[in-house]
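Written below as structure tokens is the structure these notes are about.
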Amino acid sequence: MTLEIPYDFKIKELCQYLRIGKYSRILLQLPEGVKQYASIISREIENECRVEVIISGDPNWGACDIPVFEAKRIGANLIVHYGHYPYSYNPIHHELGVDVLYIPMEYKGGIPDEILSELEQLLREKNLSNPIVIATAQHLREAKRIVDELKKKGIDARVPEVLGGLPGLVIGCDYRAITQATGSNDSVIVISSGLFHALGAALATAKPVFQIDPYLMKVSSLDEERKNWLKKRYGVIYKALNATRWAIWVGALYGQTRLDYAKHIAGLIEKRGGSYLMVYSRYVTQREILSIDSRDIDAHIITSCPRIPIDDFTLIDFPKPVLTPGEAIMVLTNQLEPYRFPW
Ligand code: SF4
């Protein structure tokens, strides 16, 4: 493979899989940020694997979004989804005659020793010696190596097991690697890029969280980010305390349809004497919320993707509270401490 792309697309293995499954047309899903390589990757797959490739141009933020209807409509009997493992809460492997293959797209680069020394120093400064190490799909392999390196330095690190999931794997709405971690871990190390996954980790636990960003070659503490974000989120939560009329948003994307969970929240609303409106939608942005919002709605709860209220900046200053499911449960059960994230 001659690509100057820092990820392993496993083209050889993909070709083998395609030959065995006799697929002739595939729908290719690439994560945001990697779509810029779409023409190179699709050409490579077409040439090497002798299969017709159609690229999905829709937004793709996670493994919760598998476009089986769209694949079916264009006669593709396989979706190749790059960048994630199967969605932990609602994995889709075969639906409507369409197979789904997940290729996590491992990052080819490594984390240099200087970064590990910096991390060691940060841990020692805070008297921390039992971290768990978690990572996004691209860096899961590196998590194991970092554990080995830290152990050599006398730090008792480990990759945590996850009941019903992959050890150490973290996605934007699944932090069970942290919340299920038993034993005496005193801190969390997240290997990920950008703020998204590391911030989620900092919101999911009160323990110190450190991020290693393999692209920026940087290690940092999430203490300040956590403080700032909790301040913002509690501002929204307090605004929702007197809400009685709610809109509950249910996702129409394949993995985001959590009707039972939405009904559970609806039950809590009714128990408090409130009322609700259930809204079913593929995407939820300020535009969709504004179009449904009215004088009859006091607050909104987003059950499709719990990151939307936090990561969509236009919703933080939305005139009415827009809550994650975890925050809604805090309000509806009068349990404002500790902060509950994400569900
Ligand atoms: S629901 Fe949101 S956070 Fe979870 S996988 Fe989908 S896009 Fe990511």
Side-chain angles (χ1 to χ4, degrees), residues 29-35 56-68 70 79 81-93 95 100 102-105 134-140 162 164-166 168-180 190-205 211 229 233 248-262 264-265 279-286 288-289 300-316 322-329 340-343:
Q29 263 192 307
L30 294 169
E32 302 306 310
V34 179
K35 282 190 177 138
S56 168
D58 282 336
N60 169 28
W61 304 109
C64 59
D65 179 10
I66 303 295
V68 279
E70 290 83 346
I79 295 171
H81 178 101
Y82 272 112
H84 302 100
Y85 288 98
Y87 185 42
S88 43
Y89 291 116
N90 192 3
I92 299 156
H93 296 284
E95 200 72 44
V100 186
Y102 299 85
I103 302 179
M105 232 177 59
I134 60 175
T136 54
Q138 284 70 57
H139 309 292
L140 209 49
V162 181
L166 278 176
L169 179 66
V170 68
I171 60 172
C173 59
D174 188 354
Y175 288 91
R176 288 176 298 171
I178 295 177
T179 54
Q180 281 181 4
V190 191
I191 312 171
S192 65
S193 63
L195 184 61
F196 184 77
H197 294 95
L199 173 64
L203 294 177
T205 178
Q211 179 188 15
W229 279 92
R233 294 319 300 167
I248 306 175
W249 291 75
V250 178
L253 292 182
Y254 228 97
Q256 293 189 352
T257 308
R258 312 176 211 275
L259 196 54
D260 288 347
Y261 186 58
H264 166 68
I265 293 176
V279 189
Y280 187 43
S281 175
R282 275 179 84 75
Y283 299 106
V284 187
T285 66
Q286 192 189 53
E288 283 79 28
I289 295 182
H300 297 261
I301 304 167
I302 315 295
T303 67
S304 52
C305 170
R307 298 304 297 253
I308 291 172
I310 294 175
D311 295 84
D312 182 341
F313 286 91
T314 62
L315 293 179
I316 289 176
V322 180
L323 301 184
T324 69
E327 292 167 348
I329 289 175
R340 183 178 169 136
F341 179 80
W343 303 107

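Everything quoted here is computed from the prediction, not taken from an experiment. Numbering of ligands and ligand atoms starts at 1, following listing order.
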N/O donor-acceptor pair under 3.5 Å between Q211 side chain and I191 backbone: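 Not a single qualifying donor-acceptor pair exists.
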Hey, does the side chain of Q138 reach the backbone of P104 with a donor-acceptor pair shorter than 3.5 angstrom?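 Yes.
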List the atom of I66, the atom of Q29, and the distance in Å for their closest heavy-atom pair.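 Distance-wise, the nearest heavy atoms are CD1-OE1, 3.8 Å.
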Candidates V162, T136, I178 - the one meeting side-chain contact (heavy atoms from CB on, under 4.5 Å) with V170: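 Running side-chain contact (heavy atoms from CB on, under 4.5 Å) over V162, T136, I178 with V170 returns exactly one hit, T136.
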Check V322, T324, V279 against I302 for a side-chain contact (heavy atoms from CB on, under 4.5 Å) and give me the one that passes.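 Exactly one candidate clears the test, V322.
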Please list the nearest protein heavy atom to atom 5 (S) of ligand 1 with its residue and the distance rounded to 0.1 Å.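 Here the closest protein heavy atom is Y87 CE1, 3.7 Å.
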Go through the steps for W61 and L253 under the test side chain to side chain contact (heavy atoms under 4.5 Å, CB included), then give the verdict. CA-CA 11 Å; W61 304 109; L253 292 182; over 6 Å; no
Protein N, O or S atoms lying under 2.8 Å from atom 2 (Fe) of ligand 1, listed by chain and number: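 Listed by chain and number: C305 SG.
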Contacting atoms of ligand 1, where contact means under 4.0 angstrom from a heavy atom of R258: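 Numbered from 1, ligand 1 contributes 1 (S).
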Pairing residues for W343 by the ring pair (Phe, Tyr, Trp, His ring centres under 6.0 Å) criterion, not counting sequence neighbours: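 Y89, Y261.
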